[in-house]
Amino acid sequence: MMTGLIEQLSAALGKQYVLTEDPDKAPYLTDWRKRFTGKALAVLLPKTTEEVSTIVKLCATHHVAIVPQGGHTGFCGGATPDNTGKQIILNLKRMNQIREIDTANQTMTLEAGCILQAAQEKAAAQDFLFPLSLGAEGSCMIGGNLATNAGGTNVLRYGNTRDLCLGLEVVTAGGEIWNGMKGLRKDNTGYDLRDLFIGSEGTLGIITAAVMKLYPLPISQWTTLVAADNIASTIALLTLFQRRATSLLTGFEMMTQESLTLNEKHFPQMANPLKGNPPFTVLIELSDHESEDHVRQLLETILEEAFTANLISDAVIASNLSQANTFWHMREHITLAQAQEGANLKHDITIPLSSLDSFILETDALIRKNYPGVRIINFGHLGDGNLHYNIAPPPGVDHKIFNLKHEKPIQELVYAQVERCQGSISAEHGVGQLKIGDLRAHKGEVAHDLMKSIKMALDPQNILNPHKVVSI
Ligand SMILES: Cc1cc2nc3c(=O)[nH]c(=O)nc-3n(C[C@H](O)[C@H](O)[C@H](O)COP(=O)(O)OP(=O)(O)OC[C@H]3O[C@@H](n4cnc5c(N)ncnc54)[C@H](O)[C@@H]3O)c2cc1C
């Protein structure tokens, strides 16, 4: 029966786009963090929406589950199949066309397999900003960004992927093509299907194309690194910048001393330029459409105010674009430094800004008391209240052994603190297979049951990415 499916798929896509040999499938089977490895009946590489529709119809007939996949950079194992060898991976990378840039509507229409960086570059070539930006932008894809509702470094000013999307094209679990590609900023015609598919991690439909918002390209950007002694000052600094710079504030990223010490260990060229690597380093970016001088003066005025109020003890303003890029690379390399150091315990959480101070003080103290010597690699998009609160074993301790023993209790400790502060256990990375077991307790029974009802209504056969996000 499966041979019949593979033959039908090969006839529909072309044999070379149906990968069934182990060496060909291998690159698609392990997630970026190397936490999950699965098996697949085949990896399919369609080129058109019609081909995706054909795949879904054939798989539905044969009761074969489909795991949609983009750049495979997700952190929750959502794009990795299970280990039965019965699921197929549908990778969108050949659907990488930018169909249109509509300058009057300020939108870009593009296919799901388009690499994020390619989209940014295409927009910039026409004097537009496509603001979605994250460390994986050289390999993650628009479909994956939408399916995970990715956040990144520009959420503070432009919102997350959901906020940037005006329209979607989706292949449903029945293989129908839903054309929701009107690039409208207002459309109150009943339930918002677009918002249902965004963030659904491939469990409700396969996103094949999207209409995304564009913005005018800023003409000037100033980036600074500042030193703060404690988290309370860091939050007060954010409030100050939000009040003074308002919409010109486009980045506010926090990095603790331990995060940057780890960075320097693996990337010596990324050493913190601030004297003595202070307890908290904050990367702040202001962007403007007026003159260079205007934003530079504003930045200096706010920094002076921050010094006077004792919120910061040191600051360095990037003197040119290349230095600004170095500051950003320092921030983005923390994830890579962690990967080099060895598997660590990741917690991608959001805390209301009003509780962030108490969250960090209490959780740090509990972790240090219960697990002496561990490194708390805490950094993140502080402007959004989003922390990557990651725990690495004490230096010299084997990561695998430490994680095996302590993952569960450390996660319980951190999540209990998140609940105490009314935060979220997944700020921007999603649920996938990693957090599926934690969702019911976190969301509550009513929300969890509603999610299951939606899944059953849209995918009654449970063939789209089963056992990810919610199990039915
Ligand atoms: C170095 C690094 C830095 C990162 N920084 C950030 C960050 O700042 N913010 C952030 O939010 N994330 C970040 N991530 C995580 C990751 O890059 C994002 O989750 C990204 O949006 C995933 O896109 P992808 O194309 O790789 O999706 P994949 O990993 O391939 O898939 C992710 C999920 O979406 C589903 N999916 C993929 N394509 C489709 C589609 N076309 N239709 C339906 N479902 C689909 C998959 O089944 C899976 O469940 C980072 C990752 C790395 C490696």
Side-chain angles (χ1 to χ4, degrees), residues 27-28 30-36 38 46 49 52 56 65-81 87-96 110-117 119 132-155 160-162 168-173 196-210 251 253 328-329 331-340 346 348 350 379-381 384 386-388 426-436 459 464-469:
Y28 303 88
T30 300
D31 73 319
W32 191 89
R33 288 178 66 198
K34 301 193 173 32
R35 213 191 141 108
F36 300 101
T49 305
V52 175
V56 176
I66 300 167
V67 180
Q69 190 178 86
H72 211 184
T73 66
F75 281 152
C76 298
T80 313
Q87 303 188 324
I88 65 118
I89 294 173
L90 193 161
N91 186 296
L92 280 294
K93 71 178 179 188
R94 288 182 65 233
M95 294 186 59
N96 59 3
L110 67 179
E111 293 181 348
C114 198
I115 302 258
L116 173 55
Q117 194 175 336
L132 184 64
S133 177
L134 44 130
E137 63 200 21
S139 38
C140 65
M141 298 173 190
I142 294 298
N145 300 146
L146 284 157
T148 56
N149 186 27
T153 51
N154 274 331
V155 175
N160 46 34
T161 311
R162 184 188 302 284
L168 282 186
E169 180 184 85
V170 173
V171 173
T172 69
L196 206 52
F197 290 113
I198 296 173
S200 68
E201 300 180 53
T203 61
L204 299 180
I206 298 169
I207 298 167
T208 48
E253 299 285 316
W328 276 108
H329 287 154
R331 158 66 183 85
E332 281 153 8
H333 271 69
I334 300 173
T335 310
L336 307 179
Q338 289 178 104
Q340 298 235 342
K346 284 194 192 298
D348 163 43
T350 339
F379 63 100
H381 315 295
D384 316 320
N386 179 187
L387 301 178
H388 298 311
S426 184
E428 56 175 11
H429 295 160
V431 176
Q433 50 182 305
L434 182 68
K435 296 184 183 173
I436 187 167
D459 180 19
L464 291 181
N465 223 1
H467 312 303
K468 311 278 173 58
V469 187

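Atoms within each ligand, like the ligands themselves, are counted from 1 in listed order. Numbers here are sequence positions counted from 1. What you are looking at is a predicted structure, and each value in this text was computed from that prediction instead of being measured.
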Discussion item. Judged on heavy-atom distance to atom 15 (C) of ligand 1, which of Ile89, Asn154, Thr73, Ile198 sits nearest?
Written reply: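 It is Thr73 that holds the nearest heavy atom.
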
Worksheet item: So which of Phe75, Tyr28, Trp32 gets nearest to atom 52 (C) of ligand 1, if we judge by its closest heavy atom?
Response: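 Answer by nearest heavy atom: Phe75.
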
Grab the two heavy atoms, one from [X] and one from [Y], that are nearest each other, plus how far apart they are.
X	Y	answer
Ala427	Asn386	CB-ND2, 3.2 Å
Gly430	Cys76	O-SG, 3.4 Å
Thr208	Val170	OG1-N, 4.1 Å

Worksheet item: Parallel, tilted or perpendicular: which describes the rings of His429 and Phe75, with under 30° parallel and over 60° perpendicular?
Response: perpendicular

Item to complete: Under the salt bridge (Lys or Arg N to Asp or Glu O under 4.0 Å) rule, collect the residues that match up with Glu428, sequence neighbours excluded.
Response: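 Glu428: no salt bridge (Lys or Arg N to Asp or Glu O under 4.0 Å) contacts found.
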
Discussion item. Need the ligand 1 atom indices (1-based, order shown) with element for anything under 4.0 Å from a heavy-atom of Ala150.
Written reply: 11 (O), 21 (O)

Non-hydrogen atoms of [X] versus ligand 1: any pair closer than 4.0 Å?
X	result
Gly152	yes
His429	yes
Glu332	no

Flag [X] as yes when one of its N or O atoms lies below 3.5 Å from any N or O atom of ligand 1, and as no otherwise.
X	answer
Thr335	no
Ala147	no
Asn465	yes
Gly205	no
Leu134	no
Gly151	yes

Do me a favour and list the nearest non-hydrogen protein atom to [atom] with residue, atom name and distance?
atom	result
atom 7 (C) of ligand 1	Glu428 OE2, 3.4 Å
atom 41 (N) of ligand 1	Ile207 O, 2.9 Å
atom 49 (O) of ligand 1	Glu201 O, 3.1 Å
atom 33 (C) of ligand 1	Thr148 CG2, 3.6 Å

Item to complete: Answer yes when Glu253 and Arg331 have at least one side-chain N-carboxylate O distance shorter than 4.0 Å, and no when they do not.
Response: yes

